[in-house]
Amino acid sequence: LMQNGTNQLQAGNLTAAENSFTRAQRLAPRSSAVYFYLSQVALKKNQPHKAEAMARRGLNVSEDNTRRRALWRLILRSGQLQNNSRVIREATQALQ
């Protein structure tokens, strides 16, 4: 499912990618990778609030520092798209 989802995301088939990642999330709810990709899909669909929420869920389950930094970068991007200075500040501090 993850490979299908990443292929669909790269091909720009956002709805199919979101469906694949959502199914993967049901099978592996503690996978930070699933939330990382769901956040990316939401950003591409211009849904910054959803992107932030998915990235934060990923942070809650991630134990890998590299993945955590990637999730914080998605939160920063979603904060910028929302023009939300609190989220931008929080993400910027986390990335320092």
Side-chain angles (χ1 to χ4, degrees):
L1 285 172
M2 294 297 287
Q3 186 62 52
N4 283 345
T6 55
N7 290 341
Q8 293 159 336
L9 179 60
Q10 289 172 350
N13 191 344
L14 301 180
T15 300
E18 184 174 33
N19 290 339
S20 292
F21 293 131
T22 299
R23 286 179 30 221
Q25 185 264 331
R26 286 191 203 110
L27 296 172
R30 301 215 31 96
S31 168
S32 63
V34 170
Y35 298 110
F36 172 80
Y37 286 113
L38 282 169
S39 180
Q40 283 191 325
V41 169
L43 281 176
K44 289 186 180 285
K45 291 177 87 173
N46 198 28
Q47 299 171 333
H49 287 91
K50 183 175 182 178
E52 179 188 351
M54 291 295 106
R56 287 186 185 278
R57 286 178 71 181
L59 281 176
N60 287 334
V61 298
S62 178
E63 296 175 7
D64 176 66
N65 283 335
T66 302
R67 174 75 69 201
R68 291 180 66 78
R69 287 189 63 77
L71 290 162
W72 275 115
R73 283 192 294 274
L74 289 170
I75 292 170
L76 176 60
R77 178 107 165 84
S78 67
Q80 292 166 336
L81 290 172
Q82 295 173 65
N83 202 23
N84 185 325
S85 60
R86 180 192 57 77
V87 172
I88 293 168
R89 189 169 42 254
E90 179 186 11
T92 301
Q93 288 175 349
L95 288 166
Q96 289 180 349

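Please read all numbers here as calculations on a predicted model, not as lab measurements. Basis for what follows: all heavy atoms, side chains included, without hydrogens, waters or symmetry-related copies.
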Give, for atom CE of Met54 and atom CD of Gln47, the distance between the pair rounded to the nearest 0.5 Å.
10.0 Å

Distance in Å, Phe21 CZ paired with Leu14 CG, rounded so as to fall on 0.5 Å steps
10.0 Å

Which heavy atom in Leu74 sits nearest to a heavy atom in Ala55, and how many Å separate them?
CB-CB, 4.2 Å

According to a 4.5 Å side-chain heavy-atom criterion applied to Ile, Leu, Val, Met, Phe, Trp and Tyr, with indirect links allowed, do Tyr35 and Leu81 form part of one hydrophobic cluster?
yes

Any chain of hydrophobic side-chain contacts (each under 4.5 Å) joining Val41 to Met2?
yes

Quick check for you: to the nearest 0.5 Å, what is the distance between Ser78 atom OG and Arg73 atom CZ?
13.5 Å

Examine Leu59 and Val61 and state if one hydrophobic cluster contains both, with Ile, Leu, Val, Met, Phe, Trp and Tyr joined whenever side-chain heavy atoms are less than 4.5 Å apart.
yes

When rounded to the nearest 0.5 angstrom, what is the spacing between CD1 in Ile75 and CG in Asn84?
11.5 Å

Closest approach of Leu71 to Gly58 (non-hydrogen atoms, all atoms of both residues):
CD1-C, 3.4 Å

Taking atom CZ of Arg77 and atom CD of Gln40, what is their separation to the nearest 0.5 Å?
11.0 Å

Which atom names give the shortest non-hydrogen contact between Val87 and Gly79, and what distance separates them?
CG1-CA, 3.7 Å

Under 3.5 Å, which donor-acceptor pairs link side chains of residues 88-96 to any protein atom two or more places apart or in another chain?
residue: Glu90; atom: OE1; partner: Arg56; partner atom: NH2; Å: 2.7
residue: Glu90; atom: OE2; partner: Arg56; partner atom: NH1; Å: 3.2
residue: Thr92; atom: OG1; partner: Ile88; partner atom: O; Å: 2.7

Asp64 versus Ser32: any side-chain heavy-atom pair under 4.5 Å?
no

Does Lys45 have more than 12 heavy atoms from other residues, nucleotides or ligands lying within 6.0 Å of its NZ?
yes

Only one of Gln25, Gln8, Gln3 passes side chain to side chain donor-acceptor pair (under 3.5 Å) with Ser20; say which it is.
Gln8

Other residues, nucleotides and ligands only: do more than 12 of their heavy atoms fall within 6.0 Å of CG on Asn83?
no

Reported CG-to-CZ distance for the pair Asn4 and Arg23, which is rounded to 0.5 angstrom
8.0 Å

